[in-house]
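Protein chains get the first letters and strands the later ones, always in sequence-line order, with residue 1 at the start of each.
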There are 2 protein chains.
Amino acid sequence: MARIKPAKNGTRKDVIIRKASALFRTKGFAATSMRDLAISVGVEAPSLYNHIGSKSELLQDICFKIADEFTSQLEKTENKNASVLSKLEEIIRFHIHVMLEEFDEVFVANHEWKYLQEPHLANFLNQRRSYEKKLVALVETGITTNEFKKSNPYVTVLTILSALRGLEFWLRHKKKFSPKELENEMVDHLLKGMVR
Amino acid sequence: MARIKPAKNGTRKDVIIRKASALFRTKGFAATSMRDLAISVGVEAPSLYNHIGSKSELLQDICFKIADEFTSQLEKTENKNASVLSKLEEIIRFHIHVMLEEFDEVFVANHEWKYLQEPHLANFLNQRRSYEKKLVALVETGITTNEFKKSNPYVTVLTILSALRGLEFWLRHKKKFSPKELENEMVDHLLKGMVR
DNA sequence: CCTACCGATCGGTAGG
DNA sequence: CCTACCGATCGGTAGG
């Protein structure tokens, strides 16, 4: 009965997930022990298991939360009545926003997913592959409509996704530019440079 | 006296480093045990220590081998008598080549360096920071000489480096394009799109 | 190169 | 929520 009730920061489980995200990012999933996490949360290690099922389940929660965010935004954007160019721009800006706002979680989803257990690992990879395919189709459409230069759409999509993912590594350069400047410059480099 | 003599693949230690690179990439440094490595090499775990000092030392060897390659190529390119544009293009192509030829090692240097111990960790980060600064200076020169559009040179450099690093994640798409096509398309997207 | 083995730490459970 | 504790596995050493 000494349970701490849901605070403004969410339920106890939410706190655990947030602390786990930060630790998994900085130390890596494999190198983070449940004792590390317990210290970060402020309890003894076995107490964590009143809120979560396993270490692995924490990773699943983080990875699929992020994957689902990207998937559902992409669908929303696809269904809009707008030019291909503005759709692609919207997706790029969404990536940058999520990256800046949920840094730890995105990093973990991008780099620690390999520690997912089956069948979650396969599900995650399928979801990611499907995301990439939709983007490739979008770029192909843009090439057809002459909005984009002719190119190998796979290379184009992967170049963009790579550059965006790399954002994770930059936060140490935070002082050198504002988020807004970063976003606009990057959109400019990746997108406008690509338009015929 | 039952030592296996240096084969065409290099010394015993070279083999260990190559196998370690592959394991550190696929499983991660922390999740790779010396028993895993021993199996991969074909000996018992304690035998590894006749050739190496520690698990940590293996990581150092890998990370600094790659860092040194990039550093020395950058210096070579900087000293050439050529346009800024062609220098930057040469650097981009070098990144792509090293990535394709030493995939495991580059991946480890890019993602597992955080497990380096001090003072190696600090040295590695200093070397990387210095590399980035030189690239920023190069882009700044290119802006001054009007070879490049005006931009925040930090964002430009980091966008390029991010996109290049992302190459690591693509090898699963190998069938969709040849290395040469990949290289040319990417140079085109990153570079020509950037030129005024 | 191997066998035998060490102390430390891991994820997780029992039980209250 | 805690204490007590488990079997498994870790990096590495001793000794030959």
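- Residues passing the salt bridge (Lys or Arg N to Asp or Glu O under 4.0 Å) test with B/Lys114, sequence neighbours excluded: none.
- Under the side chain to side chain donor-acceptor pair (under 3.5 Å) criterion, A/Ser56 pairs with A/Gln117, not counting sequence neighbours.
- Between the P atom of D/dT9 and the CG atom of B/Leu37 lies a distance of 18 Å, rounded to the nearest Å.
- Rounded to whole angstrom, the span from the OH atom of B/Tyr49 across to the P atom of C/dT3 amounts to 17 Å.
- Residues satisfying the salt bridge (Lys or Arg N to Asp or Glu O under 4.0 Å) test with A/Glu140, not counting sequence neighbours, are none.
- One interatomic measurement links the two molecules: CD1 of A/Ile39 to P of C/dG11, which rounds to 12 Å at whole-angstrom precision.
- Interatomic distance, B/Ile160 CD1 to B/Leu164 CG, rounded to the nearest 0.5 Å: 7.5 Å.
- In this structure A/Arg93 satisfies the side chain to side chain donor-acceptor pair (under 3.5 Å) test together with A/Glu89, A/Glu183, A/Asn184, sequence neighbours excluded.
- Between the CD atom of B/Glu44 and the C1' atom of C/dC5 there is a distance of 14 Å, rounded to whole Å.
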Worksheet item: Can you list the steps and then say if A/Phe29 with A/His111 is a ring pair (Phe, Tyr, Trp, His ring centres under 6.0 Å)?
Response: CA-CA 9 Å; A/Phe29 176 78; A/His111 296 285; over 10 Å; no
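- Scored by the side-chain contact (heavy atoms from CB on, under 4.5 Å) test, B/Ser178 finds B/Lys180, B/Glu181 as partners (sequence neighbours excluded).
- Summarising the hydrophobic clusters (Ile, Leu, Val, Met, Phe, Trp, Tyr; side-chain heavy atoms under 4.5 Å, direct or chained), the residues clustered with B/Ile39 are none.
- Residues forming a salt bridge (Lys or Arg N to Asp or Glu O under 4.0 Å) with B/Glu69 (at least two apart in sequence, or on another chain): none.
- One interatomic measurement links the two molecules: CG of A/Leu48 to P of D/dC2, which rounds to 9 Å at whole-angstrom precision.
- If one axis is set at each end of the helix from C/dC1-D/dG16 to C/dG16-D/dC1 from five pairs, those axes are 0° apart, to 10°.
- Ranked by how close their nearest DNA chain D nucleotide is to the 5' end, A/Gly42 and B/Ser56 are led by A/Gly42.
- The distance from atom NE2 of B/His51 to atom C1' of C/dC2 is 12 Å, rounded to the nearest whole Å.
- Protein atom CD1 of B/Ile16 is 13 Å distant from nucleotide atom P of D/dG12, rounded to whole Å.
- Listed by residue number, the members of residues 28-35 of chain A with any heavy atom below 4.0 angstrom from DNA chain C are A/Thr32, A/Ser33, A/Met34, A/Arg35.
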What pairs of nitrogen or oxygen atoms, one from the protein and one from nucleotides 14-16 of chain D, lie under 3.5 Å apart?
none

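- Evaluation of the side chain to side chain donor-acceptor pair (under 3.5 Å) rule for B/Thr71 yields B/Gln127 as partners, not counting sequence neighbours.
- Evaluation of the side chain to side chain donor-acceptor pair (under 3.5 Å) rule for A/Lys27 yields A/Asp36 as partners, not counting sequence neighbours.
- Between B/Asp36 atom CG and D/dC10 atom C1' the separation is 11 Å, expressed in whole Å.
- The B/Arg12 side chain lies nearest to C/dC1 when the options are C/dC1, D/dC2, C/dT13.
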